[in-house]
Structures are given as structure tokens and as C-alpha cells.
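Reviewing the structure listed below.
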Amino acid sequence: MRALVTFDCFDTVVTRAVGGTRGASHVLAEHLRRSDDAALAPLAAVPAEVLVSAHLRAEHLAYRRHGERRDLGHSSAQLAELLGLPASAAPALRAAEEAVELALTRPVPAQLDAVRAARATGAQVGFLSDTALSSTALAALLRRCGVLEDGDLLWVSNELGAEKGQGRAYAAVAAALGPQRPPRGAWRHT
């Protein structure tokens, strides 16, 4: 394989218009309170701060229960339970969170230039993210932001079962690439 240049996603090549997780949780809370999805109708009367606290708690509990394999499905199921909703509401909660992430996320212009520069060198470009989003949802988000192109590679921690923060994601990517992995010293991560 040719040289590999990978980029982190959130707060590197893309960022949320409202800042971090808590800001996104507030937007999600308002989205849930105003949803016309029947499964989410009971949330219309729930104070936004209660929804924010439940969302953050659900993410924490899902991580404790599922570790590096925790995904948005786990968090949504946990959120439904915390809010006293039936388990059947979890897919609507998941869809709402994916929609909010898609709406809030913007490209980081300087990093978009860095991604283009890496492609111009002929390097294989990839993206690696510690996220609960699926690779399909993250790919849609990155494409909408003009970051991901055909031929790029994408890995998410929950599908790898390993996170960058723990240091295991890089080895998992190398294992996933198998004989196609770049030669020693030919992989740069931003």
C-alpha cells in the first residue's frame, strides 16, 4: 500500500456548530421535545435539562456496559430506559440523534485543505474516529461536509472494538488493512 494519511473526525476535520457534547445534547433535547414521531410524543412535556442529563447519563452507562463497542444503538436503548419509554422508541431516538449530528456538523476549512493536500501527494486518505456513530452515519456526515470522497477509508471505534484514546485503534486499523497496510513509517495520523 502507498503512504496512508488518516485524520481524526470530530474537532479535527469537522466540528459541531454548538461546541461539544453538552451543546449537542441541548439541541437534541429540543429536537426530541418538538418531534412529530409518535414514539417520542411523551417527551414534549419533559424539561430540556432533564433530557440533556438523561442523554449524557445514557452515553456514560452505554460505555460502561459495552466499552469500546458501544454504539448509538446502545446509547439510544439506554436513553429510552432512563426516560421510561418502551424499548421500541430506541430507533426513533437514534434517528433523532443522527439527524441532529448531521445538522450541527461543519467542516474545519484548514483541515479540509490538509485532506486535499494529502490526496494531492498520492497518499491513501482515511478517517478514524472514536464515536458511537456507525461508519455509515459518519460517512454520510463527512460527505455532506465535503470531507469524505470515493476511495477514502473510514473506521469507527465501535466497529473496530478499539479506541484511539486507549491506543488500540491504530493496531486494529493495521490488522484490518492486513497485507495492504502501509510500510513502517508511511502512516501519518492527524
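If you read the sequence from its start, that first residue is 1, and numbering goes on from there.
A side-chain hydrogen bond (donor to acceptor under 3.5 Å, both in side chains) with Gln124 is found for one member of Arg119, Arg2, Gln180 and no other, namely Arg2.
Contact of the Val173 side chain with the Trp187 side chain is registered, since non-hydrogen atoms from C-beta on lie closer than 4.5 Å. Residues Asp113 and Arg116 form a side-chain contact, since some pair of their non-hydrogen atoms from C-beta on lies under 4.5 Å apart. In this structure, His26 and Glu49 have side chains that are in contact, with non-hydrogen atoms separated by less than 4.5 Å. Asp130 has its side chain out of reach of Phe10: every pair of non-hydrogen atoms, C-beta onward, lies at least 4.5 Å apart. Contact of the His74 side chain with the Arg65 side chain is not registered, since no non-hydrogen atoms from C-beta on lie closer than 4.5 Å. Counting heavy atoms from C-beta on, the side chains of Leu43 and Ser35 never come closer than 4.5 Å. Using a 4.5 Å heavy-atom cutoff, the side chains of Leu28 and Leu51 are not in contact.
Annotation: the span from Thr136 atom OG1 to Glu159 atom CD amounts to 6.5 Å, rounded to 0.5 Å. The structure places CG of Leu133 at 10.0 Å from CG of Leu102, a figure rounded to the nearest 0.5 Å. If you take CG on Leu141 and OG on Ser129, they are separated by 9.5 Å, rounding to the nearest 0.5 Å. Taken to the nearest 0.5 Å, the CZ atom of Arg70 stands 7.0 Å off from the CD atom of Glu59. Atom CZ of Phe127 and atom OG1 of Thr190 lie 10.0 Å apart (nearest 0.5 Å). Between the CD atom of Glu98 and the CZ atom of Arg94 there is a distance of 5.0 Å, given to the nearest 0.5 Å.
For the ring pair (Phe, Tyr, Trp, His ring centres under 6.0 Å) test, residues two or more places apart in sequence or in another chain that qualify with Tyr170 are His189.
The pair Glu30-Arg33 meets the salt-bridge criterion, with a side-chain N (NZ, NE, NH1 or NH2) lying under 4.0 Å from an Asp/Glu carboxylate O.
Of all non-hydrogen atoms in Pro182 and Leu4, the two that sit nearest each other are CG-CB, 3.7 Å.
Within a 6.0 Å sphere centred on CZ of Arg143, other residues, nucleotides and ligands contribute more than 12 heavy atoms.
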